[in-house]
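The structure appears below as structure tokens.
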Amino acid sequence: MKKSSILLSATLLCYAAPAVAAPAACPAWNASVPPGANITAASAPFFIDTSGLDLKTAPPTRDPANPDYPRASALADGAVPSPRADGNFIIGPSHPAASETAVHPGVPRGRVLSFTMSSTDSVIYRPGMVRDDADDCLNAAIYGAHIAPGDASDVIVTSSHPGQWTRSVDVYVPAGHLPRAAPFIVFGDGGPAGFFNERQFFTTLDNLIHRHRLPPMLAIGIGAGGQDAQGSERGREYDAVSGTYAEWVEREVLPRVEHTAHVTLTRDPDARATMGISSSGAAAFTMAWFHPELYHRVLAYSPTMVNQQWPHDSALPGGAWEYHDDWAGPRHAARSVEGVHLKAADGSPGAPLIANAPHKPIRYWFETGDRDLFYPAAPLADGMHDWVLANEHMAKVLAAANYRYQFVFARDAVHVDKPTVAQTLPEALEWVWQGYKN
């Protein structure tokens with residue numbers, strides 16, 4: 001066929017071919033009250049409290065004066081709480097970066113070593129968990145998911161299946177002398193592909209260690225297992241309310257760190273800290289909660305203390321929400337989780353894990369932004385997906401149980417707000433390590 005005939009045929013095909021329907025739009029990330037949510041009947045299941053919310057913004061802007069939030073000290077704009085002060089604080093709306101987050105001439109730089117881990121070499125997380133999402137629809141399986149009949153807290157994910165994961169682990173080793181048994185801080189969402197700004201964090205450690213505001217310590221950044229939310233490896237590890245992730249770190253990650261960096265890591269829980277952001281922030285708290293013999297010190301930005309645990313656990317149907325509040329669903333029978341007896345649900349706050357368990361030696365710094373996440377997956381209109389309310393209630397139950405904590409509410413701040421992290425990180429680290437003796 002001549003070239004001119006080919007072009008003519010192609011042209012005719014273009015005109016003759018039936019119209020192709022435009023691809024369906026991806027299910028959208030939500031930032032407002034989910035359609036059909038219960039926002040009027042507080043005593044009914046899955047109530048979403050919208051009091052104190054400015055619904056003109058997305059996500060809604062929360063008012064720190066909300067009477068359901070614990071009282072907090074409002075600081076001057078640009079100021080941060082003292083590393084020696086406990087309690088609740090309000091900062092912002094300006095968030096200038098702390099000078100300690102920048103490189104300073106004459107300050108010795110630590111070195112960073114890296115290695116890769118794979119599910120094929122794991123015992124605890126083999127196989128991994130993979131969710132089939134459309135290539136151009138991030139988290140479509142969650143944003144457009146269905147929920148179990150009669151249970152708004154149980155999302156159905158049919159596209160999740162066993163699979164493989166690989167991840168990077170970065171190990172910061174400070175300049176100068178380390179103790180024979182080295183203190184360390186371990187954090188999630190690390191590695192070159194992680195959500196956390198490792199370079200800024202390691203620079204901050206350089207400066208604070210050099211100025212003797214922190215003890216010399218290693219920092220271990222563990223990459224997430226892949227994807228996000230329910231049905232993913234990241235969600236499986238970080239959002240689980242159990243000791244499994246801490247046990248994986250202890251048995252499979254830390255020995256590799258010691259081998260790679262040629263160090264001995266301390267076994268003293270008072271010389272070990274955990275840190276994270278969003279779901280890895282929830283995991284940081286969970287590591288210390290279920291294994292206080294391993295960790296006493298925790299730091300988290302916008303921790304996901306909401307109902308993200310998946311697969312759904314009928315023994316703890318509210319996931320991390322049940323650290324600070326009871327399940328928001330219908331009444332259920334008394335049950336026991338990890339040896340902690342929980343009373344029958346009656347819709348009242350004050351019957352969560354923290355309130356029911358013996359006091360644990362945990363020191364916890366955490367932060368949330370006034371425009372933090374609010375029901376990002378619209379199908380999960382379960383009364384347990386307001387990040388700000390979750391962390392405000394964490395502050396309440398921690399205070400009632402006499403825990404050492406510092407909680408920061410940041411004005412004009414979103415989820416894991418980068419300017420807020422750069423403003424608060426040095427003092428947050430100092431607060432977390434208060435009382436440590438070499």
Side-chain angles (χ1 to χ4, degrees), residues 29 31 53-54 56-65 69 72-83 85 88-104 107 185 187-190 192-208 211 213-214 219 221 228 275-282 284 298-305 364-374 376 386-392 394-395 405-432:
W29 171 77
L53 274 60
D54 180 356
K56 296 189 296 295
T57 65
T61 301
R62 282 67 150 206
D63 181 356
Y69 298 171
S73 300
L75 304 184
D77 190 20
V80 296
S82 164
N88 311 308
F89 299 89
I90 303 166
I91 66 170
S94 301
H95 302 290
S99 64
E100 297 91 338
T101 61
V103 174
H104 289 265
V107 174
I185 182 167
F187 60 97
D189 283 316
F195 300 132
F196 191 69
N197 187 338
E198 282 193 345
R199 179 178 297 182
Q200 179 185 74
F201 178 49
F202 295 156
T203 297
T204 303
L205 291 177
D206 286 336
N207 290 321
L208 295 181
R211 299 175 189 179
R213 290 164 59 184
L214 286 181
D228 187 22
M275 182 174 73
I277 59 172
S278 192
S279 284
S280 65
V298 184
L299 192 160
Y301 285 94
S302 295
T304 300
M305 312 306 285
Y364 185 32
W365 188 101
F366 60 118
E367 174 273 346
T368 193
D370 63 353
R371 287 181 288 118
D372 221 309
L373 297 183
F374 184 82
D386 180 343
W387 267 246
V388 176
L389 185 65
N391 285 293
E392 292 283 356
M394 278 292 290
Y405 76 92
Q406 187 179 99
F407 171 52
V408 172
F409 177 102
R411 293 182 183 271
D412 197 18
V414 295
H415 187 62
V416 192
D417 188 68
K418 291 181 180 179
T420 301
V421 175
Q423 177 190 24
T424 59
L425 184 59
E427 278 75 16
L429 285 164
E430 278 196 89
W431 186 91
V432 165

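FYI, the numbering just counts along the sequence from 1.
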Q. Step by step, would you call F366 with Y364 a ring pair (Phe, Tyr, Trp, His ring centres under 6.0 Å)?
A. CA-CA 6 Å; F366 60 118; Y364 185 32; 4.4 Å; yes
Q | side chain to side chain contact (heavy atoms under 4.5 Å, CB included) assessment of F201 paired with M275 | A | CA-CA 11 Å; F201 178 49; M275 182 174 73; 3.4 Å; yes
Q: Run the numbers on L205 and L429 for side chain to side chain contact (heavy atoms under 4.5 Å, CB included), then give the verdict.
A: CA-CA 9 Å; L205 291 177; L429 285 164; 4.2 Å; yes
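You'll find the side chain of D370 reaches within 4.5 Å of the side chain of F409, heavy atoms only. In this structure, V416 and F196 have side chains that are not in contact, with every pair of non-hydrogen atoms separated by 4.5 Å or more. With a 4.5 Å cut-off on side-chain heavy atoms, S73 and N88 do not count as touching. Side-chain contact between F202 and Q200 is absent, with no heavy-atom pair separated by less than 4.5 Å. Counting only heavy atoms from C-beta outward, the side chains of T203 and V107 never approach each other to under 4.5 Å. No side-chain heavy atom of Q406 sits under 4.5 Å from any side-chain heavy atom of E427. Residues H104 and N207 form a side-chain contact, since some pair of their non-hydrogen atoms from C-beta on lies under 4.5 Å apart. In this structure the side chain of W431 never reaches within 4.5 angstrom of the side chain of L299, judged on heavy atoms.
A distance of 9.5 Å separates CH2 in W365 from CZ in F407, rounded to the nearest 0.5 Å. Note: N391 CG to D372 CG = 7.0 Å, rounded to the nearest 0.5 Å. Taken to the nearest 0.5 Å, the CD atom of Q423 stands 4.0 Å off from the CD1 atom of I91. The structure places CG of L373 at 4.5 Å from NE2 of H415, a figure rounded to the nearest 0.5 Å. Distance check, rounded to the nearest 0.5 Å: CZ of F89 to OG1 of T424 gives 13.0 Å. Between atom CD of residue E100 and atom CG of residue L214 there is a gap of 10.0 Å, rounded to the nearest 0.5 Å.
Between the side chains of S94 and D77, at least one donor N or O sits under 3.5 Å from an acceptor N or O. For the residue pair Y301 / D417, no side-chain donor-acceptor distance below 3.5 Å is found, with atom types taken as modelled. Side chains of S302 and W387: no donor on one and acceptor on the other come within 3.5 Å. Checking T101 against T204 by side-chain atom types alone, no donor-acceptor pair falls below 3.5 Å. No side-chain donor from either of D54 and T61 sits under 3.5 Å from a side-chain acceptor of the other.
Contact detail for A98 and P426: the closest heavy-atom pair is CB-CG, 3.6 Å. Here the closest heavy-atom approach between residue A72 and residue I90 is recorded as CB-CG1, 3.8 Å. Closest non-hydrogen pair, M305 versus A390, comes out as O-CB, 3.3 Å. Taking all atoms of both residues into account, the shortest heavy-atom contact from P83 to E430 is CB-CB, 3.6 Å. Residues A284 and G276 share a closest heavy-atom pair of CB-N, 4.0 Å.
Look at R62 and E392 and you find no salt bridge, because none of the NZ, NE, NH1 or NH2 atoms lies under 4.0 Å from a carboxylate O. A salt bridge is defined here as a Lys NZ or Arg NE, NH1 or NH2 lying under 4.0 Å from an Asp or Glu carboxylate O, and R371 with D412 meets this definition.
At most 12 heavy atoms of other shown residues, nucleotides or ligands fall within 6.0 angstrom of atom CZ in R199.
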